Amino acid sequence: MSFQHPASPALEAIWDVVSRIPQGQVSTYGAVARAAGLPGRARQTGFALKVAPDGMNLPWHRVVGAGGRIVFPKTSRQYRDQVRLLRAEGVAIREGRVEACAVVDPAP
DNA sequence: GAACTGACTGTAA
DNA sequence: ATTACAGCCAGTT
């Protein structure tokens, strides 16, 4: 068997932070990156979520863009999935944005 | 190794 | 409100 690519420490730190976002709450790409010790690298959070293995069961839907904006195109499948998953845990969404009160800064 | 890409963000017009 | 652009930087071509 060959070795899998070892996940970089940055990736694991991001995965860890995301996994700790409580149900019913939402954070942002930038805030996750910062809590993972990677200030200014919001895009890294997006990449980390994209490459996260399915078996990891990461609550990816609890991560949104700055200001609570859902970053996916409204016509995309992911947009609808994210909205459905968030509403299922009681997060209010209007016009592609989660209510500000649901957006939190992850604990360090 | 340069160029390009991207689940981002803040500023400016 | 919307668009444009610079800054960010790991991955991919």
Side-chain angles (χ1 to χ4, degrees):
Chain A
M1 282 299 273
S2 57
F3 293 114
Q4 294 185 271
H5 282 97
S8 72
L11 242 45
E12 301 208 336
I14 290 169
W15 290 337
D16 183 65
V17 170
V18 172
S19 71
R20 289 183 209 269
I21 302 174
Q23 187 182 41
Q25 296 194 312
V26 167
S27 191
T28 68
Y29 294 93
V32 167
R34 206 163 60 124
L38 304 165
R41 301 192 215 176
R43 306 187 85 138
Q44 199 67 39
T45 301
F47 181 82
L49 293 180
K50 186 165 75 165
V51 303
D54 281 356
M56 188 172 260
N57 273 352
L58 220 53
W60 62 270
H61 57 280
R62 297 185 189 140
V63 183
V64 297
R69 212 181 85 262
I70 293 181
V71 301
F72 300 104
K74 290 201 161 175
T75 58
S76 72
R77 177 73 139 27
Q78 297 192 120
Y79 178 93
R80 284 196 305 277
D81 284 348
Q82 187 165 25
V83 170
R84 181 171 45 73
L85 288 166
L86 287 176
R87 288 202 168 131
E89 25 186 272
V91 176
I93 301 172
R94 202 199 327 188
E95 302 293 317
R97 295 230 178 161
V98 307
E99 295 294 325
C101 57
V103 182
V104 298
D105 217 29

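Just so it is clear: chains get the letters A, B, ... in the order the sequence lines come, proteins before strands, and each one is counted from 1. This structure is a prediction, so every number in the text was calculated from the model and none was measured.
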Subject >> Heavy-atom side-chain proximity of A:Q82 to A:V64 below 4.5 angstrom >> reply: yes
Original post:
When you measure from every atom of DNA chain C, which of residues 39-48 of chain A have a heavy atom less than 4.0 Å away?
Top reply: A:R41, A:R43, A:Q44, A:F47
Subject >> All side chain to side chain contact (heavy atoms under 4.5 Å, CB included) counterparts of A:A10, not counting sequence neighbours >> reply: A:S8, A:L38
**OP:** Report the secondary structure of DNA chain B in dot-bracket form, marking unpaired bases with a dot and bases paired to a different strand with |, and treating Watson-Crick or G-U pairs with both distances under 3.5 Å as paired.
**Re:** .|||||.||||||
Original post:
For A:R41, which residues count as a side chain to side chain donor-acceptor pair (under 3.5 Å) partner, sequence neighbours excluded?
Top reply: none
Show which side-chain atoms of residues 49-60 of chain A pair as donor or acceptor with protein atoms under 3.5 Å away, not counting sequence neighbours.
none

Original post:
Which pair of non-hydrogen atoms, one from A:S27 and one from A:V32, has the smallest distance, and what is that distance?
Top reply: OG-CG2, 4.0 Å
Subject >> Distance, nearest 0.5 Å, that separates CD of A:Q23 from CG of A:L86 >> reply: 10.5 Å
Original post:
Listed by chain and number, what are the side chain to side chain donor-acceptor pair (under 3.5 Å) partners of A:E12, not counting sequence neighbours?
Top reply: none
Subject >> Residues in side chain to side chain donor-acceptor pair (under 3.5 Å) contact with A:R84, at least two apart in sequence or another chain >> reply: A:D81
Original post:
Looking at A:K74 and A:E95, what are the two nearest heavy atoms and their distance?
Top reply: NZ-C, 4.2 Å
**OP:** Could you list where the contact with chain A starts and ends along DNA chain B, reading 5' to 3', using a 4.0 Å heavy-atom cut-off?
**Re:** B:dG6 to B:dG10
**OP:** Any pair with a residue in residues 55-71 of chain A that passes salt bridge (charged side-chain N to carboxylate O under 4.0 Å, His left out), sequence neighbours left out, goes on the list, sorted by first then second residue, please.
**Re:** A:R62-A:E89
Original post:
Just the endpoints, please: which first and last nucleotides of DNA chain C, 5' to 3', lie under 4.0 Å from a heavy atom of chain A?
Top reply: C:dG7 to C:dG11
Subject >> Given A:I14, A:I70, A:I21, A:T28, the one that forms side chain to side chain contact (heavy atoms under 4.5 Å, CB included) with A:V63 >> reply: A:I21
**OP:** State the CD-CG distance between A:Q78 and A:L85, to the nearest 0.5 angstrom.
**Re:** 11.0 Å
